[in-house]
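These numbers were taken from a predicted model, which means no experiment stands behind them. The sequence lines fix the lettering, A, B, ..., with proteins before strands; numbering per chain opens at 1.
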Amino acid sequence: MSSTEQPSAPTNFIRNRIRQEVAEGRYQRVITRFPPEPNGYLHIGHAKSIVLNFAMAEEFAGYTNLRFDDTNPEREEQRYIDAIREDVAWLGYRWENECYASDYFETLYEYALHLIDQGLAYVDSQDAETIRIQRGTLTEPGTDSPFRARSGEENRDLYERMRAGEFPDGAHVLRARIDMASPNINLRDPVIYRIRHQAHPRTGDAWCIYPSYDFAHGQSDAIEHITHSLCTLEFEDHRPLYDWLVEHLPVPSRPHQIEFARLNIDFTVLSKRRLTRLVEEGHVDGWDDPRMPTLAGLRRRGFTPESIRNFCTEIGVTKSESVIPFGVLERNLRDDLNVRAPRRMAVLRPLKVVLTNFPEGEVEWLEAANHPQDPGQGNRQVPISREIWIEQDDFLEQAPRKFFRLKPGGEVRLRNAFIIRCDEVIKDAAGNVVELRCSFDPESRSGQPGADRKVKGTIHWVSAEHGVKAEVRLYDRLFRVPNPSADKEVDFVDHINPDSLETLNEAWLEPGLEKAAPDDFCQFERLGYFVPDPASRPDQPIFNRAVTLRDTWARLEQALKSG
RNA sequence: UGGGAUGUCGCCAAGUUGGUUAAGGCACGGGGUUUUGAUCCCCGCAUUCGCAGGUUCGAAUCCUGCCAUCCCAGCCA
């Protein structure tokens with residue numbers, strides 16, 4: 001199976017519903033939209049929505065629009081628009097139209113006038129606090145605003161003057177006249193236009209009144225002939241309002257809103273508000289910090305678009321709220337990279353080994369497969385010399401029973417090379433192991449007749465003479481607890497894991513790796529998948545660890561320790 | 001205590017116009033292959049569908065009641 005192939009998509013209630021509708025002839029094709037507000041970066045939760053929207057449109061012969069829901073100029077910025085476009089494209093999707101709710105401001109303004117003329121909207125001249133009190137509570141109905149009975153002419157006049165800029169922020173709002181006693185609070189005369197003397201990233205100073213989400217969204221859907229407006233569960237209560245507006249306005253089509261559960265992943269936060277705080281308060285190094293669950297962060301961490309799409313498909317779409325273990329995301333990356341990533345050798349925490357019977361000054365070039373299961377990836381030549389680096393973890397003076405790596409007097413195979421035996425352990429004054437003296441068995445060299453001699457373990461290495469020094473960054477979960485936002489009494493930033501980033505400054509890479517580019521992912525054998533950081537330079541390579549390999553030994557070791 | 005929604009194996013999730021033994025994936029356990037303790041390959045893994053009643057020849061699927069969890073009182077989206 002190729003990694004880029006999507007696993008057979010599990011069916012879900014939305015697809016089933018659309019299938020049914022198409023079978024009944026209600027739709028010839030499905031048109032969806034992905035509607036981000038440009039006030040932050042996209043995260044993995046958005047990816048779920050993107051994948052769903054594009055998948056439904058593709059399956060049912062339609063297309064998807066990218067629509068920026070830019071109705072609140074106070075928090076929206078052009079840089080977010082740019083970042084969002086880049087992320088959606090990076091994920092591998094091409095939108096049919098790039099739209100902006102702000103493109104429809106004139107039409108929306110007229111729709112509001114239409115409501116006014118129908119007696120279905122009025123200008124309320126009370127302040128926000130008063131309106132809030134009049135809205136009632138969850139258990140008590142609201143009370144009518146004294147302005148609810150304003151005449152059509154007066155409403156029209158006031159609304160036109162709101163647009164003309166005659167009033168300061170907050171002086172008036174336009175409200176839909178629905179039902180102040182509705183058990184659904186969204187129907188208690190929701191505000192649909194407010195005054196904001198605020199420049200907009202796209203319309204500049206053309207407007208000083210802006211439509212609310214509820215007034216803009218459904219109408220934008222209708223204008224674009226969106227058939228299915230997919231959104232998250234918290235908008236379920238808004239559907240009656242969505243429907244009410246679309247039914248009372250002269251819109252060109254009749255879209256339908258369907259809600260699904262948003263994505264939750266443990267040990268992270270997936271809300272723009274919180275992610276924004278992490279960035280603005282400097283808890284992380286920007287929106288693309290590799291520990292961030294943003295698409296930009298995951299990309300820098302080394303995630304592939306394929307792995308993210310596969311993940312989104314695998315988790316399914318339902319209305320029940322669930323929490324996906326972060327490990328599921330990681331496994332999808334491994335599954336993808338396992339079949340694609342070229343194998344390389346790198347030593348993260350070096351321990352010097354001198355091969356005592358290896359001629360001084362000599363270099364041997366060994367043939368190494370770039371991928372053990374995919375001969376098509378070819379081979380490369382790796383140099384070895386008298387002194388090499390091995391991983392500190394791969395030597396233990398007091399080795400437990402099932403430790404298959406190097407120990408005093410023991411043998412181990414050097415990956416792609418030969419078997420060595422540890423003859424001597426050199427320590428410093430403090431008793432730390434600083435060097436090993438080993439002898440190698442020339443007969444066991446790869447390709448030689450003696451190569452099939454079995455030893456328990458195989459370890460990776462890098463020639464000391466040829467190795468390239470590099471910085472390697474290891475990432476761990478950003479939070480220490482499964483649900484950082486669970487406790488209302490505790491600020492989620494207090495749960496940040498102080499050890500989420502470990503920087504190793506003395507790693508050694510096999511030669512050639514220093515020239516890798518940020519999208520040249522590879523597997524450091526036995527360690528994990530790594531990718532050069534965008535700041536990496538040939539003379540100063542920096543690699544990020546995207547994910548470790550599955551490590552049953554670590555688990556076993558852990559189990560042994562805990563009894 | 002109003003309204004809206006959800007509850008199927010440790011985590012996801014099919015199935016819900018009632019009908020043989022409740023899909024699949026992940027995780028987990030066991031075995032095999034292996035110059036990555038990786039990958040890969042086999043095998044195992046819910047007499048039970050939030051709980052309690054009821055209807056029925058037959059219910060995860062229908063009815064009643066209860067319980068748990070989530071969302072809603074922004075001129076945010």
Query raised in the report: Say you pick atom P in B:C26 and the same atom in B:C70; how far apart are they, in whole Å?
Result: 31 Å
Report summary line: One should read off an interatomic distance between A:Asp179 CG and A:Asn184 CG, to the nearest 0.5 angstrom, of 9.5 Å
Requested in this report: For B:C28 versus B:C66, give the span between their C1' atoms, rounded off to a whole number of Å.
Outcome: 35 Å
Query raised in the report: Between A:Phe303 and A:Phe311, is the gap from one ring center to the other below 6.0 Å?
Result: no
Query raised in the report: Is B:G74 in the syn range, within 90° of 0, or in the anti range?
Result: syn
Query raised in the report: Whole-Å distance between B:A27 P and A:Glu330 CD?
Result: 12 Å
Query raised in the report: Base, sugar-phosphate, or nothing for A:Ser182, non-hydrogen atoms under 4.0 angstrom?
Result: nothing
Report task. Would you mind telling me which residue lines up with the more 5' stretch of RNA chain B, A:Ile324 or A:Asp452, judged by nearest nucleotide? Result -> A:Ile324
**Report entry** Strand RNA chain B as a dot-bracket string - pairs counted if Watson-Crick or G-U with both distances under 3.5 Å, | where the partner lies in another strand
**Finding:** .(((((((.[[[..)...(....]]].(((((.......))))).....[[[[[..)....]]]]])))))).....
**Report entry** Centroid separation A:Phe418 to A:Phe440 less than 6.0 Å
**Finding:** yes
Query raised in the report: Could you give the CD-to-P distance, from A:Glu314 to B:C26, as a whole number of Å?
Result: 7 Å
Query raised in the report: Rounded to whole angstroms, how far apart are CZ on A:Arg262 and C1' on B:A5?
Result: 15 Å
Query raised in the report: Just checking, any donor-acceptor pair under 3.5 angstrom between side chains of A:Asn310 and A:Thr313?
Result: no
Query raised in the report: Which part of the nucleic acid, if any, lies within contact of A:Ala417, taking any heavy atom under 4.0 Å across all strands shown: a base, the sugar-phosphate backbone alone, or nothing?
Result: base
Query raised in the report: Would you say A:Gln377's side chain and A:Arg340's backbone share a donor-acceptor pair under 3.5 angstrom?
Result: yes
Report task. For the side chain of A:Asn16, starting at C-beta, report the closest nucleotide among B:G15, B:C12, B:A5. Result -> B:G15
Report task. Assess the pair A:Phe524 and A:Phe530: is the distance between their ring centroids shorter than 6.0 Å? Result -> yes
Query raised in the report: Between B:A14 atom P and A:Lys319 atom NZ, what is the distance in whole Å?
Result: 13 Å
Requested in this report: Evaluate the ring planes of A:His200 and A:Tyr210, with Trp represented by its six-membered ring, and classify them as parallel (under 30°), tilted (30 to 60°) or perpendicular (over 60°).
Outcome: parallel
**Report entry** Distance between C1' atoms of B:U33 and B:C43 (Å, rounded)
**Finding:** 15 Å
Query raised in the report: Starting at CD of A:Glu140 and ending at P of B:G2, how long is that distance when rounded to a whole Å?
Result: 12 Å
Report task. Pick the P atom in B:A52 and in B:C12, then give their distance to the nearest Å. Result -> 23 Å
Query raised in the report: How far, in whole Å, is B:A23 from B:U69 if one measures between their C1' atoms?
Result: 27 Å
Query raised in the report: What integer number of Å spans the P atoms of B:G24 and B:U64?
Result: 34 Å
Query raised in the report: How about A:Tyr193 and A:Phe215: are their ring centres within less than 6.0 Å of each other?
Result: yes
Query raised in the report: What is the ring orientation for A:Phe34 with A:His46, classed by angle as parallel under 30°, tilted 30 to 60°, or perpendicular over 60°?
Result: perpendicular
Query raised in the report: For A:Arg555, which contact category applies under a 4.0 Å heavy-atom criterion: base, sugar-phosphate, or nothing?
Result: sugar-phosphate
Requested in this report: Provide, to the nearest angstrom, the distance between the CG atom belonging to A:Asp336 and the P atom belonging to B:C26.
Outcome: 15 Å
Query raised in the report: Contact class for A:Val323 vs. all strands (heavy atom < 4.0 Å): base, sugar-phosphate, or nothing?
Result: sugar-phosphate
**Report entry** Check: A:His217/A:Arg33 side-chain N/O donor and acceptor closer than 3.5 Å
**Finding:** yes
**Report entry** Ring center gap for A:His238 and A:Tyr242 short of 6.0 angstrom
**Finding:** no
Query raised in the report: At under 4.0 Å, does any side-chain N or O of A:Arg239 touch on OP1 or OP2 of B:G3?
Result: no
Query raised in the report: Considering the options A:Arg405, A:Arg349, A:His460, which one meets the side chain to side chain donor-acceptor pair (under 3.5 Å) requirement together with A:Glu391?
Result: A:His460
Report summary line: The contact string for nucleotides 68-77 of chain B, one letter per nucleotide 5' to 3', using protein heavy atoms under 4.0 Å with B, S and - for base, sugar-phosphate only and none, comes out as --SBBBSBBB
Query raised in the report: Does the side chain of A:Cys99 come within less than 4.5 Å of A:Tyr104's, by heavy atoms?
Result: yes
Report task. Round to the nearest Å and state the distance from A:Asn310 atom CG to B:C26 atom C1'. Result -> 14 Å
**Report entry** Whole-Å gap separating P (B:C11) and CG (A:Asn332)
**Finding:** 19 Å
Report summary line: Per-nt protein contacts along nucleotides 36-45 of chain B (heavy atom under 4.0 Å; B base, S backbone sugar-phosphate only, - none) come out as BBBB------
**Report entry** Spacing of CE belonging to A:Met345 relative to CZ belonging to A:Arg380, to within rounding of 0.5 Å
**Finding:** 6.0 Å
Query raised in the report: Which part of the nucleic acid does A:Val123 contact within heavy-atom distance under 4.0 Å: base, sugar-phosphate only, or nothing?
Result: nothing
Query raised in the report: Mapping A:Ser320 and A:Arg331 to their closest nucleotides on RNA chain B, which lands nearer the 5' end?
Result: A:Ser320
Report task. For nucleotides B:G15 and B:U55, find the distance between their C1' atoms and express it as a whole number of Å. Result -> 22 Å
Query raised in the report: Which value, in whole Å, describes the distance between the C1' atoms of nucleotides B:A46 and B:G4?
Result: 31 Å
